[in-house]
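We count ligands from 1, going down the list as the structure has it; atoms in each ligand are counted the same way. Please read all numbers here as calculations on a predicted model, not as lab measurements.
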Amino acid sequence: MSPRPAVILETGRLILRPFLPEDLGPLFALYDDPEVRRYFPGGTLTYEQTQEELDWFLQGGDPDHPRLGLWATIHKESGRFIGRCGLIPWAIEGRDEVEIAYLLDRAHWRQGLGAEIAQALVHHGFEALRLPRLIALIDPANRASIATAEKAGLRLERHIEHEGSACALYAIRAPSPGS
Ligand SMILES: CC(C)(COP(=O)(O)OP(=O)(O)OC[C@H]1O[C@@H](n2cnc3c(N)ncnc32)[C@H](O)[C@@H]1OP(=O)(O)O)[C@@H](O)C(=O)NCCC(=O)NCCS
């Protein structure tokens with residue numbers, strides 16, 4: 001077992017921490033589930049694709065954005081790995097953006113955990129990272145993701161074509177100082 005890594009952020013029921021090599025099995029279980037991957041253009045991932053993605057996380061992810069990334073999502077009560085959530089940098093139509101990303105194991109859906117982590121990511125993005133704005137890129141048919149983004153305060157801004165797919169772009173601006 002690897003030593004326990006630092007916590008990125010913590011909510012009432014969840015912890016986000018950097019990935020460990022032993023997360024491969026549970027990460028693959030998530031990426032292999034067609035329901036979980038239903039609204040991702042590439043669909044499910046193979047074991048090899050999951051290993052490749054995990055290797056990228058383990059090497060520190062995007063070197064230009066060391067404070068952003070996707071992190072292992074741990075259910076505090078059980079200690080189990082139940083998702084991968086985080087903040088992803090994009091350049092969209094000439095503008096640097098940061099997306100809040102959330103993906104949870106199906107057994108844990110509809111318990112308020114998605115909204116809990118989305119709200120915590122927004123708070124982390126604005127308070128700790130001082131980002132001016134956050135977005136979510138969502139398949140317009142993904143009702144769960146839209147409701148989750150809305151519960152974190154994001155609102156529909158426009159529809160775009162993103163990496164070959166039609167996406168709804170939801171956004172929220174950082175609160176102005178003093179508000
Ligand atoms: C999106 C996701 C993280 C939501 O997680 P969750 O823990 O079930 O969400 P919550 O229980 O906090 O619910 C948040 C809101 O979404 C709504 N919701 C959840 N699942 C829903 C569904 N299948 N259809 C419609 N609304 C749904 C909830 O009712 C709640 O809104 P409300 O309080 O106004 O009723 C989860 O569905 C998931 O992991 N999906 C697969 C990965 C994915 O598509 N990620 C987003 C990519 S853009």
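L156 is not listed as a side-chain neighbour of I146, based on a closest heavy-atom distance of 4.5 Å or more. Looking at heavy atoms from C-beta onward, D96 lies out of side-chain contact with P89 at the 4.5 angstrom threshold. Residues F28 and L54 form no side-chain contact, since every pair of their non-hydrogen atoms from C-beta on lies 4.5 Å or further apart. R158 is listed as a side-chain neighbour of E93, based on a closest heavy-atom distance under 4.5 Å. Counting heavy atoms from C-beta outward, N142 and F40 have side chains that stay 4.5 Å or more apart. Between I82 and L113 there is a side-chain heavy-atom pair separated by less than 4.5 Å. Proximity of E99 to L87: side-chain heavy atoms (C-beta onward) are nowhere separated by under 4.5 Å. Counting only heavy atoms from C-beta outward, the side chains of L68 and D62 never approach each other to under 4.5 Å.
Ranking protein heavy atoms by distance to atom 42 (C) of ligand 1, first place goes to V36 O, 3.4 Å. In this structure, atom 20 (N) of ligand 1 lies nearest to the protein heavy atom A144 CB, 3.3 Å. Scanning the protein for heavy atoms near atom 48 (S) of ligand 1, the closest one is S145 OG, 3.2 Å. Scanning all protein heavy atoms for the shortest distance to atom 8 (O) of ligand 1 gives R110 N, 2.7 Å. Protein heavy atom at the shortest distance from atom 7 (O) of ligand 1 is G114 N, 2.8 Å. Ranking the protein heavy atoms by distance from atom 43 (C) of ligand 1 puts F40 CE1, 3.7 Å first. The protein heavy-atom contact nearest to atom 4 (C) of ligand 1 is T148 OG1, 3.4 Å. Looking only at heavy atoms of the protein, atom 16 (O) of ligand 1 is closest to A147 CB, 3.1 Å.
With hydrogens and angles left out, the side-chain atoms of D55 and Q51 include a donor and acceptor closer than 3.5 Å.
For a threshold of 3.5 Å applied to N or O pairs, the pair formed by A115 and ligand 1 contains at least one separation below that value. Here's the thing with E99: none of its N/O atoms is less than 3.5 angstrom from an N/O atom of ligand 1. Taking any N or O of W109, backbone or side chain, at least one lies under 3.5 Å from an N or O belonging to ligand 1. At a 3.5 angstrom cut-off on N or O pairs, Y102 counts as close to ligand 1. Residue contacts with ligand 1: L104 is placed with a nitrogen or oxygen under 3.5 Å of a nitrogen or oxygen of the ligand (distance criterion only).
The shortest separation from a heavy atom of L137 to ligand 1 is under 4.0 Å, placing the residue in contact.
Nearest to atom 10 (P) of ligand 1 by heavy-atom distance, out of A152, G83, G112, is G112.
Looking at K76, its side chain never comes within 3.5 Å of a backbone N or O of I15 through a donor-acceptor pair.
Here N142 has side-chain heavy atoms under 4.0 Å from ligand 1, and that is the only part of it that gets that close. When non-hydrogen atoms are compared, ligand 1 lies under 4.0 Å from the side chain of K151 (C-beta onward) but not from its backbone.
Heavy-atom contacts of R143 reach the following atoms of ligand 1: 24 (N), 25 (C) (cutoff under 4.0 Å). Under a 4.0 Å criterion applied to the non-hydrogen atoms of L103, ligand 1 contributes the atoms 39 (O), 42 (C).
Protein non-hydrogen atoms do not reach within 4.0 Å of atom 35 (O) of ligand 1.
The line from CZ of F126 to CG of L131 is 7.5 Å long, rounded to the nearest 0.5 Å.
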Item to check | Full working for salt bridge (Lys or Arg N to Asp or Glu O under 4.0 Å) between E97 and R133 | outcome: CA-CA 7 Å; E97 302 272 22; R133 151 186 162 103; 2.9 Å; yes
